[in-house]
Number of protein chains: 2
Amino acid sequence: MQRYFVKNSQIRGNNIYINGLDYHHITHVMRMLPGQKISIIDEMGVNYLTLISQINKKEVVLEIISQSEFNNELPITVTVALGLTKFSKMEEVIRRITELGASQFIGVEMERSNLRLNKLPPLKIDRWELIVKEAAEQSGRSQLMKISPFQSFPSFLEESSHYDVCMFAYEESGRQNNFSLKTLLKQSNYRSLLVLVGPEGGIAEKEAQLLLERGFQAVGLGPRILRCETAPLYLMSVISLMKEFIDEG
Amino acid sequence: MQRYFVKNSQIRGNNIYINGLDYHHITHVMRMLPGQKISIIDEMGVNYLTLISQINKKEVVLEIISQSEFNNELPITVTVALGLTKFSKMEEVIRRITELGASQFIGVEMERSNLRLNKLPPLKIDRWELIVKEAAEQSGRSQLMKISPFQSFPSFLEESSHYDVCMFAYEESGRQNNFSLKTLLKQSNYRSLLVLVGPEGGIAEKEAQLLLERGFQAVGLGPRILRCETAPLYLMSVISLMKEFIDEG
């Protein structure tokens, strides 16, 4: 069934009011008609089964048939931080980690970032939020991923104290296998995870030192060298396997 | 160190001869000079440490300093089959699964493919092989991924008999969790794995039935619905985690 995320303000009484891009999608792309069913998810993750009751010039009116708490989310929250890199690469990461269940995305200014916080191209938060909404609708998420404001490296280090477990993908340290990703993911005593992937040029040695001092774990992602836009997908995939699959022996 | 794959025919005696795109890359992109070191891998996966001894108008001549058997490959071979879909999506999959260690890629004509074998756009095998070579060089692979000719679904079913374990990503079956991906990957009694991901529209019920009859296992990739270009990356990532990381308890 077609699925859309709505703001709570669009729900009034027993009806849900759809306008803008979703209106266009329902009427022009999907060419739906009154009587057809649509699945709606509000900002709290509540799922509504609805019927189209009216299609006006600028608005689709839905009637709520039933509601349920539905949950396709990972059992832990995962925040993905990525060293600032080309916007096109960041957009691809945002799209894919939404599909793969991430809770939050943070861009971090790092030594080898080819973008600087004080010289950013025009931000496209609206565009990015649209990418998140589409990817969440298509993949059947019950929550939207949050896009946080970009951060400097020092403020990112501060921020990390809010998470139960913090790790960063580090080729050098990873090779020495000083802390295996698999072992870390097997542990069950945490609810929130922060993972950092460096920008295209990687994480500088000094940054790695500061991360370790802050209690981050350095993890390797296998013997091959992954691009900065592939590493977050690797991490989200293995987190899903280790947290969403029951061990059957 | 900069790394290039070469044909065995480029190695003669104690020298390796580089021309074409790699010549351009070494001289114009990397602007390397005689005396600098380059890592070379031949068709058998042998790794050569070399020095640039001459740069001519059309050729770089390398001198072999030492050679070693080096191996960054997965301990099992993984063949990724994808239902024929837009070339741009297939190219993205080819690039990323090369990075992630796949041995082979096969495009398969399936019921919901929007491309037909008898009406294909011009093939771009040269372009795809270049994508594989670049991705393998960047990620530090010791082997190139092979791109197989496209296959019809019946001939793909035949082909599957060559693999120890065959599986396909299937949302429906996955939900019932009749065979968990994690359990399957934990087993150690196989050397070759074939994974099939359907085209954009998914795998048709009849196709799923035929796959099951052929001994394929249906596996789910978590509760969310992944795009056809994301699912192969999920599979390759979790295969790496389960096959390349030692269980530390």
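If you're wondering where the values come from, they're calculated on a predicted model, not measured in any experiment. Just so we're on the same page: letters track the sequence lines, and every chain starts at 1.
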- Query: Out of B/S142, B/G222, B/G140, which one racks up the most heavy-atom pairs below 4.5 Å with chain A?
  - Reply: B/G222
- Interface residue of largest heavy-atom contact number with chain B, from A/L235, A/T230, A/L185, A/N71, under 4.5 Å: A/T230
- Task: Flag the pair B/E229 and B/R96 as a salt bridge only when some basic side-chain nitrogen lies within less than 4.0 angstrom of an acidic carboxylate oxygen.
- Result: no
- Turns out that what part of B/R227 lies under 4.5 Å from chain A's heavy atoms comes down to both
- Message: Can you tell me which portion of B/E92 sits under 4.5 Å from chain A's heavy atoms? Options are side chain, backbone, both or neither.
- Response: side chain
- What's the spacing between A/L193 CG and A/I76 CD1 if we round to 0.5 Å? 4.5 Å
- Query: Just by modelled atom types, is the B/L84 backbone N or O under 3.5 Å from a matching donor or acceptor in the B/S113 side chain?
  - Reply: yes
- Query: Taking the six-membered ring for Trp, are A/F245 and B/Y234 parallel (under 30°), tilted (30 to 60°) or perpendicular (over 60°)?
  - Reply: tilted
- Whether A/H24 and A/H28 hold their rings parallel, tilted or perpendicular, with breakpoints at 30° and 60°: parallel
- Query: Considering residues, nucleotides and ligands other than B/I65, do more than 12 of their heavy atoms fall under 6.0 Å from its CD1?
  - Reply: yes
- Item | chain B contacts, top residue of A/R141, A/R95, A/E99 (heavy-atom pairs, under 4.5 Å) | A/E99
- Please state whether the side chain, the backbone, both or neither of B/E244 comes within less than 4.5 Å of a heavy atom of chain A. side chain
- Item | Side chain / backbone / both / neither for B/L74 at chain A, heavy atoms under 4.5 Å | both
